[in-house]
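Chain naming here is simple, since letters A, B, ... match the order of the sequence lines and numbering starts at 1 in each.
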Amino acid sequence: MRRVYMDNSATTPVAKEVLEEMLPYFSERFGNASSLHSFGREAKLGLDAARKRVAKVIGAEEREIIFTSGGTESDNTAIVGVAMANREKGKHIITTKIEHHAVLNTCKFLESRGFEVTYLDVDKFGIVKPESVEGAIRKDTVLVSVMHANNEIGTLEPIGEVGRICREKGVYFHTDAVQSFGKVGIDVDRMNIDLLSMSSHKIYGPKGVGALYVRSGVRMEPLLYGGSHEFRKRAGTENVAGIVGFGKAAEISMKVMESEASRLEKLRKEMVKGVLGIERSHLNGHPEKRLPGNAHFRFDFIEGESLVLRLDMEGIAASTGSACSTKSLEPSHVLLALGLRHEEAHGSLRLSMGRYNTKEDVERVLEVLPGIVKDLREISPFKKGYRN
Amino acid sequence: MRRVYMDNSATTPVAKEVLEEMLPYFSERFGNASSLHSFGREAKLGLDAARKRVAKVIGAEEREIIFTSGGTESDNTAIVGVAMANREKGKHIITTKIEHHAVLNTCKFLESRGFEVTYLDVDKFGIVKPESVEGAIRKDTVLVSVMHANNEIGTLEPIGEVGRICREKGVYFHTDAVQSFGKVGIDVDRMNIDLLSMSSHKIYGPKGVGALYVRSGVRMEPLLYGGSHEFRKRAGTENVAGIVGFGKAAEISMKVMESEASRLEKLRKEMVKGVLGIERSHLNGHPEKRLPGNAHFRFDFIEGESLVLRLDMEGIAASTGSACSTKSLEPSHVLLALGLRHEEAHGSLRLSMGRYNTKEDVERVLEVLPGIVKDLREISPFKKGYRN
Amino acid sequence: MDMYTEKVMEHFRNPKNMGVIEEADGIGKVGNPVCGDVMHLYIKVESRNGKDFIKDVKFQTFGCASAIATSSVITEIVKGMPVEDAIKLTKDDVIKELGELPPQKVHCSVLAIDALNEALYDYMTKRGMKVPDVVRERHKRLSRSGEEHGH
Amino acid sequence: MDMYTEKVMEHFRNPKNMGVIEEADGIGKVGNPVCGDVMHLYIKVESRNGKDFIKDVKFQTFGCASAIATSSVITEIVKGMPVEDAIKLTKDDVIKELGELPPQKVHCSVLAIDALNEALYDYMTKRGMKVPDVVRERHKRLSRSGEEHGH
Ligand SMILES: Cc1ncc(COP(=O)(O)O)c(C=O)c1O
Ligand SMILES: Cc1ncc(COP(=O)(O)O)c(C=O)c1O
């Protein structure tokens, strides 16, 4: 059966060029980048080149890039690191209700340590109002964390404006750009970003690698203690092969960013048009201000997991929202924050398209999806409306 | 020039069989292990198989293995996680003066958070006395952390006895087994170990992957918050390819453990015999109770970095001690803990042999080392003794 | 390990006995769309030699794969079963039939048992029969809180 | 970026002017084995047309690659140089000659300047010459603490 992968927001395959660039670093240029000898120096060269490539995508300096084990570690490091290093100034943090769990659960952890967190509302498209950030900033606010692109519904947040407000108020601004990095233009200076999280496996690089941008001069504690790696901001023997792959993936993403964005937008529009042809289906998120490849729907009277598994039986890989929450019973916190009712939030489907998706993939989904929705509605007790 | 890699304690090349097993997970079985669809399930299968393999090496249950980004993260998670989760019981931790910085600096961090840490002395071979652990345990002690094998001098610690004491006293016992895992037999039950750190890149697996064994029932907070990965003990999309590689590396290590140990011990003895033929050279660490492949020396009147760089000029990769501290000016804390004077501690050389080293490698080192030592002593103002 | 056993997936792929029995003798409706699962169970009962048998059974379910699979499997288990035996079924019978359910999905098997209970209760009270204690107790618990169904 | 520049490695590989001048006019000994670097600098001075020149210079060094390289390079810089110019040298002259030094190794260049200073001080006081302020100050600082040499 022809398989169609439409879950590029969960993760992506490693690009051929990326893997090729990584390969020599496993068994030949395998040295520890901290070692003095030639094996170590070869590894260090790979590390430095990758740092340059990643920095370039967001307009940063090389020494402002810290490599981590992924987006989750980057988020944790930024939030815990800044909160703890600046707790003399205050213990208040501002974020939104639609952040990834790597941000939300880290904030919850800080609440258990005496911090106070404001979770800002979003509108029905999932957009946070910059004025609400402004209104929430207090004297004791040490950090604002607003994501760039939401991982479920794809909505793009006005981080440039949020950044400007934070700079004016003298508060550090972190953005989780795991979903947007390499897909949407970012300039840390123009957008007044102090800390920014990235992850390699969302842009056709290997899993287990990420980076955190930390503007020079930002006060931050490390999360991992040990040797003096990564400018003393993140200890641990560097994952050289992985980092080299991430660097290459970042470079490619930047090169194809514009052409891919317009190509994926076209595919998405086709997908949205086709899916909304199914009765009682709805698009979640903003119709325009969203990641190019993200299409997120809900279907009345049926439940998302069934939908995903039925699509899987047809060889189509999709998701209900974020991969991390697939095994939880809770409906998505993001959909609830949009104002959807629980029963509506249960019927969601995310089709996230990426570099290797084609028009044929979209057509294939549109060919099988209506029948599956119909089938599941057949089994459903709610053919005409929710009632018990 | 023929290159000889003798820095296997710093890191190792990825074994051919390991890389082969990893390859399909980059671009084919690339799914997010948390995803419901077939791509996700394929990844999950790889993850589960690796967990089984790693667990087997130390006699653990699968659910007691948490994959991390490396030894440093494992050490940090164990120490911070247990300390924070049990701080109602007490705020005292016991460790030794010769731990890796991933343990020592994490303990220092906890000191800044109100914990009290006892750093135990070691004897001149680097061995900690079990009685000193027993004597240091107090009512408010929540954790004892004693490494299994020292990364610089290779000394093996009596962790079985330490474990027994901790179990009797009802105190959690963590051991940093990054250097011994897969090289020396470990049984977490027999040795009464509650937490144990491992790292893939020390056993011919990829960098950026490690694991932490956490005995069922041990109270520990996570270090990374986010999705509900790794039994809710470590968030972040799993590095499936890396973990699969680590699993394979663990399996191979177990299979060849005994034969490699005796082969490396032979090489080491040859090396030690040859090197001690150089006048005013000394072996550091215990003559017998040490990692099979670790040979660690010091040479009067010369400095370690010069030695390493001169060996590098001859194509021989070695180190002064731990890779992480190569760029620091401080003499090794381990050597000082043995009772060596600063000037003695500066003249150290670690030759750590591994799976790919041969008799010829040892011979090559013994061919060039005496001349280099002689040369450096020529330049040294201390030809006859230290004086200023 | 896959999340679901092959048996669960089989029932999910090809659910048995789905639909409505228009003139049902008993109907059981449990679950809540807010929680993501709702199950409706319809039974038709027949008496033979003074013994009640479940002659026919159908379901409608809104929910995840395991909710659908447990619905399907409970209909297969009870079809043709004496009512007195059906009363004694527990979630473990459902799980055993499916091989295994992931821990966070065990509540689906409870839901299926609850739906059966409600259909039996409905049938018995409509007929003016004496309702056995176990069925009555379960019914009381379920009607106390429409939202609680075991998780 | 490699830790050391090619120039540093060149001097490390083939250090110039190593050894002892038996009948030196000035000897400078700085550093401390406890800290891992010790430098001994020997100079031979010659007067020509009323001007003092460093005619010959040799070193002995215990230390890392950059300590050895800076020792070698300082001997190259000062060999044949008028004493009045040698006095004015700073660590930046050493670093410039080597291209660059890693931040944690900059102290080695200070060490080399210190050794030169001490050799010049030794030479001047032995000859009963007036010691310029800059040399005297540096000497004072160095003799106050044998262990401090810039890091
Ligand atoms: C918005 C967002 N933040 C953080 C993460 C976590 O990144 P990682 O999976 O690399 O830990 C993800 C993806 O999982 C994400 O989509
Ligand atoms: C004893 C010991 N502990 C911890 C570590 C840290 O492990 P990693 O490099 O995987 O972070 C190392 C090696 O660097 C080590 O030798």
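- The two residues A/Thr72 and B/Gly236 come nearest to each other via the heavy atoms OG1-CA, 3.3 Å.
- Residue B/Thr68: no heavy atom, backbone or side chain, is found under 4.5 Å from chain A.
- Nearest heavy atoms, B/Gly227 versus A/His101: N-CB, 4.0 Å.
- When heavy atoms are compared at a cutoff of 4.5 Å, A/Arg113 approaches chain B solely by way of its side chain, counted from C-beta outward.
- Separating the CZ atom in A/Phe39 from the OG atom in B/Ser319 is a distance of 13.5 Å, to the nearest 0.5 Å.
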Only pairs under 3.5 Å count here: list side-chain donor-acceptor contacts from residues 13-23 of chain A, not counting sequence neighbours, and write none if there are none.
from    : atom 1 : to      : atom 2 : distance (Å)
A/Glu21 : OE2    : A/Arg53 : NH1    : 2.7
A/Glu21 : OE2    : A/Arg53 : NH2    : 3.3

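- For a residue to count as touching a neighbouring chain, one of its non-hydrogen atoms must lie under 4.5 Å from one of that chain's; by this rule A/Ala317 touches chain B with backbone and side chain alike.
- Residue contact with chain A, scored on non-hydrogen atoms closer than 4.5 Å, is absent for B/Ile79.
- Judged purely by atom type and a 3.5 angstrom limit, A/Asp312 has no side-chain atom pairing as donor or acceptor with the backbone of B/His37.
- You'll find the side chain of A/Ser35 reaches within 4.5 Å of the side chain of B/Asp7, heavy atoms only.
- Options A/Met84, A/Arg29, A/Glu28, A/Glu221 differ in how many heavy-atom pairs under 4.5 Å they form with chain B, and the most are formed by A/Glu221.
- Scanning residues 201-209 of chain B against chain A with a 4.5 Å heavy-atom cutoff picks out B/His201, B/Pro206, B/Lys207, B/Gly208, ordered by number.
- For the set B/Ala43, B/Gly70, B/Ala235, the entry with the most heavy-atom pairs within less than 4.5 Å of chain A is B/Ala235.
- Considering only heavy-atom pairs separated by less than 4.5 Å from chain B, the leading option among A/Tyr5, A/Tyr25, A/Phe30 is A/Phe30.
- The candidate from B/Gly71, B/Ser199, B/Ala318 with the greatest count of non-hydrogen atom pairs under 4.5 Å with chain A is B/Ala318.
- Between A/Leu224 and B/Thr106, every side-chain heavy-atom pair lies at or beyond the 4.5 Å cut-off.
- In this structure, the side chains of B/Ser38 and A/Met313 stay at 4.5 Å or more apart for every pair of heavy atoms.
- Contact annotation for B/Arg234: only side-chain heavy atoms (C-beta onward) come within less than 4.5 Å of a heavy atom of chain A.
- With a threshold of 4.5 angstrom between heavy atoms, A/Glu238 approaches chain B through N, CA, C or O but not through any side-chain atom.
- Contact of B/Asn76 with chain A is made through the side chain alone, with heavy-atom distances under 4.5 Å.
- Ring geometry, B/Tyr225 versus A/Phe109: the interplanar angle falls under 30°, so the pair is classed parallel (tilted spans 30 to 60°).
- Smallest separation of non-hydrogen atoms from A/Thr11 and B/Asn32: CG2-N, 3.3 Å.
- Residue A/Ile243 does not touch chain B at all, counting heavy-atom pairs closer than 4.5 Å.
- Salt bridge present: B/Arg3 and A/Glu42 bring a charged side-chain N and a carboxylate O closer than 4.0 Å.
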